[in-house]
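We name chains A, B, ... by the order of the sequence lines, and we start the count at 1 in each one. On a predicted model such as this, the values are computed, not experimentally measured, just so you know.
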Amino acid sequence: MRSRPLAAAACGLGTLLALPVAAAAQDAPAATTDSLAAQVASLASAIDTVWVVVAACFVLFMQAGFALLETGLSRSKNAGAVMAKILINLAVAITMFWISGFALAFGSGNDFIGTSGWFFNATGFPAAAGTAFASASASVSSLFIFQMAFCAISLAIVFGSMLDRTKFAAYIAFGVVFAGVIYPMVAHWTWGGGWLFKDGFLDYAGSSIVHLQGALGALAGAIILGPRLGKFRKNGEPVPIPGHSIPLAIAGVLILWFGWMGFNGGSSLVAHGVDFADVLLTTNFAAAAGVMGATLGSLLMFRTIDVSQMGNGAIGGLVAITASCAFVDYWAAFVVGLVAGLLIPVVVVFVERRGIDDPLGALAAHGVAGVWGTLAIGLFGTATRMDPVIVDVVGLPSRAGLFMGGGFSQLWVQFYGVAATMAFTGTLCAVTFLAIKHTIGLRVSEDHEASGLDISEHGMFGYPESFIEVPGAQPTPGPAWGGDADPSHAMTTSTPATAP
Amino acid sequence: MRSRPLAAAACGLGTLLALPVAAAAQDAPAATTDSLAAQVASLASAIDTVWVVVAACFVLFMQAGFALLETGLSRSKNAGAVMAKILINLAVAITMFWISGFALAFGSGNDFIGTSGWFFNATGFPAAAGTAFASASASVSSLFIFQMAFCAISLAIVFGSMLDRTKFAAYIAFGVVFAGVIYPMVAHWTWGGGWLFKDGFLDYAGSSIVHLQGALGALAGAIILGPRLGKFRKNGEPVPIPGHSIPLAIAGVLILWFGWMGFNGGSSLVAHGVDFADVLLTTNFAAAAGVMGATLGSLLMFRTIDVSQMGNGAIGGLVAITASCAFVDYWAAFVVGLVAGLLIPVVVVFVERRGIDDPLGALAAHGVAGVWGTLAIGLFGTATRMDPVIVDVVGLPSRAGLFMGGGFSQLWVQFYGVAATMAFTGTLCAVTFLAIKHTIGLRVSEDHEASGLDISEHGMFGYPESFIEVPGAQPTPGPAWGGDADPSHAMTTSTPATAP
Amino acid sequence: MRSRPLAAAACGLGTLLALPVAAAAQDAPAATTDSLAAQVASLASAIDTVWVVVAACFVLFMQAGFALLETGLSRSKNAGAVMAKILINLAVAITMFWISGFALAFGSGNDFIGTSGWFFNATGFPAAAGTAFASASASVSSLFIFQMAFCAISLAIVFGSMLDRTKFAAYIAFGVVFAGVIYPMVAHWTWGGGWLFKDGFLDYAGSSIVHLQGALGALAGAIILGPRLGKFRKNGEPVPIPGHSIPLAIAGVLILWFGWMGFNGGSSLVAHGVDFADVLLTTNFAAAAGVMGATLGSLLMFRTIDVSQMGNGAIGGLVAITASCAFVDYWAAFVVGLVAGLLIPVVVVFVERRGIDDPLGALAAHGVAGVWGTLAIGLFGTATRMDPVIVDVVGLPSRAGLFMGGGFSQLWVQFYGVAATMAFTGTLCAVTFLAIKHTIGLRVSEDHEASGLDISEHGMFGYPESFIEVPGAQPTPGPAWGGDADPSHAMTTSTPATAP
Amino acid sequence: MKKIEAFIRHEAFDAIRDRLANMGLPSMTVSEVKGSGRQQGYTESYRGAKTTIFLRPKLKLEMAVDDEDVESAVATILELAHTGEPGDGKILIFNVAEAVRVRTGERGPAVLARHEDPLAT
Amino acid sequence: MKKIEAFIRHEAFDAIRDRLANMGLPSMTVSEVKGSGRQQGYTESYRGAKTTIFLRPKLKLEMAVDDEDVESAVATILELAHTGEPGDGKILIFNVAEAVRVRTGERGPAVLARHEDPLAT
Amino acid sequence: MKKIEAFIRHEAFDAIRDRLANMGLPSMTVSEVKGSGRQQGYTESYRGAKTTIFLRPKLKLEMAVDDEDVESAVATILELAHTGEPGDGKILIFNVAEAVRVRTGERGPAVLARHEDPLAT
Ligand SMILES: Nc1ncnc2c1ncn2[C@@H]1O[C@H](COP(=O)(O)OP(=O)(O)O)[C@@H](O)[C@H]1O
Ligand SMILES: Nc1ncnc2c1ncn2[C@@H]1O[C@H](COP(=O)(O)OP(=O)(O)O)[C@@H](O)[C@H]1O
Ligand SMILES: Nc1ncnc2c1ncn2[C@@H]1O[C@H](COP(=O)(O)OP(=O)(O)O)[C@@H](O)[C@H]1O
């Protein structure tokens, strides 16, 4: 051991893992094709796992994006409460996905629901024990992390339309139901091999499964909560409440954009034997087009280039391409994103006209863009790109989108898939929010809302120095600001006063 | 299907990709060396692709770094406009690199320009179809993403010196030309196998191709725009306009530092058969030395430890090592970074003395550091590290840097490579900006500048609560702040008043 | 060359690396099992390296997390100084780990200290030259980067308790000693194959090696510095000094959470032949439980849901599971995190009652949670998970945690490992800080503290517009805000005035 | 000429400003201040450390008016700022020795006269 | 009725407020201002460009009191705001023509009278 | 003794402060206020929802001066704050009943006297 401390380091750090490949390469008497084949399969699994894990981390990081986006678009008296919400929601989503979510979504069961594998009991997953899955693709643990991060994203979307007025306890209660039951069931229908999967419904990375579901929760929540105090004038005219920090909000959008590379890119779940990187092209083209679409739309509708709408345009483009990124050509991806971007300001205004107060624009960016993106497969999907799933996996005859000469069949499946999701998730979310409203309460009191959630729910402002006295917050100019450059602290020379 | 829902999940999510490797390992009658060799090649490609994709994502994330750095160093009345700029520039860069950039840079053509592969038409790339490239290395899609992210970075650098006074429309117009034409042409000269490549010019990850080009745009723009109102006193003395948030600016620097791991690290374009991670050592040593150099330089020149200069020091060190990270030893990397850091305050002062107003310090951190880093290969490059390119790929005789006993030959190539880039890019950028100035206009009106770009170009401040009334922005202290702990909301106990 | 520009691009960018695998797959006369075995080993190394490098980048990115967390929890008059501290500390840590840290920690030597490999001289590492290490696992460069990032994290933790009052020069002086000597020695004991390693002490990713060491520095520093002016009333009662930005602080926590995926996940140091992703489940479960624990603890102790405590809960859960993530079951991970979260408010109050001023709560989140997490292996470790290290690598008999029926033996080792770390690191840090105090000085003058470190040490505020006049900072409303929509700039229509 | 200084709640301002502008008195200046008074303090808590804060955000409204407009302005403020809860604030009235309009250099009561300025409504 | 305006250092405020509240004079308004005076300016530096700043953060304390309380309030402020260094500030006293309590509509000196209000201490 | 209150544009302040300091009147206090007046409002827009804002950022300059300095100070402000556009602001002048220097406890006009203080220029 003395002479090989680095290897020891590896061991100490890394539970010293059998290293069959390396061993074979060195001291095995002779490499046989069989032993090599086993090693190659192990490496294939490793590379898939690395990609899925990295992608999962990117998706997890999107929580920081949502945190900044939402805090930026809330008022500064509620800025801390948003961060508390993100933390507790992430905690609840992780816990519930472990307890029941993964089992309901990916456990074996029937066409509607999985029924095995509670508490991520891997023995509950026959597939996981199957050699094909275990040796050929990413490890089940990595898949769990990836799916867990998706579930947490869907939950994070919900509360974007509920900022500035929701009770802390409601986040927990809703999160338990949504992440533990609602989201996984719909995920099972498609990604868990359920009825939509068998019908050939396509949603590559979750335009409808992740984003539309989140937006439906947001819609139900925003309606049941009602608008923020002062959001509408007596005549119903909306009052601008523009949040407190566009820089933080758009930094959030850029983090989301980055995270989406894992969101869409990682949804291949494999890294070898397929050009998994290609979906990042469609993803970026749609995001770029979304920004352009929202810029143009904002200019036409509002006669101003609304920065928050530009950010929503990026998100809208990304949401829209999420379902279709693997199924459409580059130009179509650009169109999908552009339309999503153009829709953003239209939907934002429409929603506000209906008296619904959605501070984030989640209904436009995640809801309508999610629907549009899911349907877009039925319009722009190409047979070349769809066949590997529709034909080879599901076993249906080849199809293409309407505009690609494929008729209405795929569009119809996409349509009723979306409709079923809207009916199911919308109803359950509304019921859940109503139940919360009539038990622990959904909305803070008017006093608390006026005071801000930070001080009323958390005892302290998110920007304390703005609102309360903080000892020493105001720099008291003593000689340090003036001319007494103290020669004794060489490294910390204060600026000499120049006053004559 | 019933019994294997997880596998189904993989399918549903992932377009169910043929999985040749795994299949071979399980049920193939017998693995032959030929089938294994094919699988190994496929895995080699996969691992290269994973690394390039991850690196590309890191580089894409650098946009968030620039966004925060630039917004932090602009005044708060313009903070939202900076974010709008980042979004639209990223959208334009992605779109133009797709339309023409990749073709001009990497399409086949002549020594000066590529002429095939518009709209990323992969059949336009003979090389992509070649077996060596396709099977041995990262997928062409992943290379596109990586290069696209580089192009977007170069464009982002341009506007750092143009903050606080540039028209929104000008970002679009310049972006179209720069990302669609200027940047890719210079990239072609070296990375596209053009004339500089054949001369043995070395720029590993783009000190001159990415950073210097961006800085040349910044220089042209800053000169043609002129300084911000109030930047210089009548006697020419500069007035400090220190931006509005050092925390955001330095958070941006740290994001850039992180992203640079992908920038330099991913520029290997392969992950197997080579110690691609080694460039991350030189990269980090130079960044660390850059911070130290700028700290020292700032202390010596300004008698104060200017935080923004420290951040610029990190960037300067990173920019300088970008060209040379694969060609110099660790100690030399440290020297390269240290010199870059020391240069920062000198150049910042020099630029300001010339009456050029560069709020970000882009001319120092990306321009001069980029030149220095490119030349440094000619000083510190070692034959051991350069031979794999100079000898094995380009086919020239072995060389080394001046201080490594190699004479002036490499330094000379580096010099005229930089000079050509400066002449070409500087001229074209200046022409483009002048054209914009005399058509749609480059600079906002004085009124708009005084009002701030946020309200004048975007109708709303980036920090609305700071400048306008936002309904409910001021927390109105009702009983929620006082003693009425409402016992009904258990989770949301407000803090009890202690007033007697 | 003409017809293959893309390949050329790869070359130009990437030092054109021998590509043995690909070559073999194409034009080798016939693939032999031997050549294939070599290729497979090379791929195995590549995939491990990719994972370790990506994980190292994530860990490096945690610096941005600490930067935001610390600046958010300091007062705005010191916000810029925090960023300067992060930059200089990162620079010092990288430099010192290169000079001496890696050699002391991982060089060959004795049970207490490594003595070879100064300046990362790879020939100083026999192990690195050994075929097993070199061919089977990640490249030594990638391991260096990973370990370097760890060292920088440990140093970053130190100053969290020293915010708002420490001299800039002290960061450098302490950093040199800590990153260059103290941290690596303790790392050597376990990860470098030293005496603790041989005793079977387990610390997977550094609960005690990284976090506890940092916290011990923080403790020594906070005691020797004394509390901030105004932190305690004359009667010893603490005064709340809640920092200036909870949004930035919690954004920092979310970045740390993300980075921890690399911190714990990458500590496998291999990606193939082992389910390295599994530790991310325990890691996330503990983090989620940490948030819940701190939320509950804060509610019980303070009757308010303190957002900063929730963030500390996440960190505490992550710190605690860092040692044990590979050795405990999922439920146990949840318990470990929950307890860590519950401990946070208790420890925070305890520390404050002792008159110690720890603005960040580092003593709770990194110190106590680090101790708890390290001991938890002795309570919850399972033989199945521990055997691969304890039995296969260290060569000791199988063991399990106390609650898993394994008796006290592992708990005892964990205990004296922690105790030794506390004694050694605590003492050396205290000596170092005392030495600094009595030479260059540790704390700024009262005047400087009252003025804020930004203006006194850096000549400029971190939020300049808040405290000093910045030319043009106040938007001066001219016609741009009013009715003069200038029809000439189509893209930049200002909002038309509606005043009648 | 008199100057009215009113310390009021934020919520009251919009209505006051509108009504006064309609009365031809759009000219005024407001600033953010913190007030202490009969209104109860509130408690903040950070990591268990508690502090009672007596200062609360208020608006200070300053308007110089001609003598004849004082009572109507005060009545308007009184009406619209009144909630009946502690914290409603106070109105102080001062004599103005002289008033000057910077734009024109005019002096005296004319400077403060009511004006039906369409722009200002 | 008089109004006291005091321009003081931030550090002095807490003690002044406490003492005055104990004297039955808790009602006051403070605002953040920047002052120029005999106190020396300071120099900021950004990338080598230097500027001397003459304005320094101060607190402005405004309190309207009954005539009989003026001297004791001024004495309190004088005692507690005094450091002897330049920058201690100034106190100005004005006549108040009228005072109104918004909550009740009361007018005159009663509005400003000392009160032993437990809530306000 | 008089107190001058001037509501002016931000841009005007630096020149005014310099000139007054040169005249031996460096002592003053400024604060950020929002003003409503004859100057036109502006429209903000967020996601299509529009609001017209009547308040605009202004500086409030307060300086207590000895009677003999009032006119020269007012003239200086008038000259340098004047642009001729609406929004130039107003100057109000009040009688000061008493003035106290906190540093010394001095009272009366001496406290406000002009002084050629080198430090303050
Ligand atoms: N005497 C005073 N001097 C200055 N400001 C005062 C005075 N009295 C009240 N205020 C201001 O009015 C606000 C409300 O006063 P408060 O005493 O709560 O109202 P009320 O008179 O109805 O009890 C205070 O916060 C303070 O800003
Ligand atoms: N004549 C004045 N008018 C208005 N404010 C003043 C006046 N004199 C002093 N101040 C305020 O008091 C603060 C301290 O004044 P300074 O002149 O430094 O004190 P001193 O009178 O002790 O020399 C100034 O920053 C300013 O805010
Ligand atoms: N009567 C007043 N009382 C208080 N502040 C006033 C008054 N008149 C003007 N102001 C202040 O002066 C600023 C400019 O006033 P404005 O009416 O636009 O100028 P003008 O008198 O030249 O028309 C206003 O924004 C406000 O802050």
Quiz item: Given F:E32 and E:E32, is the side chain to side chain contact (heavy atoms under 4.5 Å, CB included) satisfied, shown in steps?
Solution: CA-CA 9 Å; F:E32 303 275 350; E:E32 303 275 350; over 6 Å; no
Practice problem: Applying side chain to side chain contact (heavy atoms under 4.5 Å, CB included), run through F:V96 and E:F94 and close with a yes or a no. | Solution: CA-CA 5 Å; F:V96 177; E:F94 301 88; 3.7 Å; yes
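We find that E:K60 and F:E62 are joined by a salt bridge, their nearest charged nitrogen and carboxylate oxygen being less than 4.0 Å apart. Under a 4.0 Å N-O distance rule, the pair E:K2/F:E98 does not qualify as a salt bridge.
In this structure, F:T104 OG1 and E:L78 CG are separated by 8.5 Å, a value rounded to the nearest 0.5 Å. A distance of 14.0 Å separates NZ in E:K34 from CG in F:L61, rounded to the nearest 0.5 Å. Atoms CZ and NZ, on F:R107 and E:K90 in that order, are 14.5 Å from each other to the nearest 0.5 Å.
For E:V74, the part sitting under 4.5 Å from any heavy atom of chain F is the side chain, from C-beta outward, and nothing else. Only the side chain of F:L112 comes within contact range of chain E, judged by heavy atoms closer than 4.5 Å.
Considering all non-hydrogen atoms of both residues, F:S31 and E:V33 come closest at CB-CG1, 3.7 Å. Scanning both residues, E:G37 and F:S27, for their nearest heavy atoms gives CA-OG, 3.7 Å. Looking at every heavy atom in both residues, F:R103 comes nearest to E:D88 through CA-OD2, 3.4 Å.
A donor-acceptor distance shorter than 3.5 angstrom exists from the side chain of E:S36 to the backbone of F:P26, with no hydrogens or angles considered.
Comparing E:L92, E:I4, E:I91 by how many heavy-atom pairs each has under 4.5 Å with chain F, the most go to E:I91.
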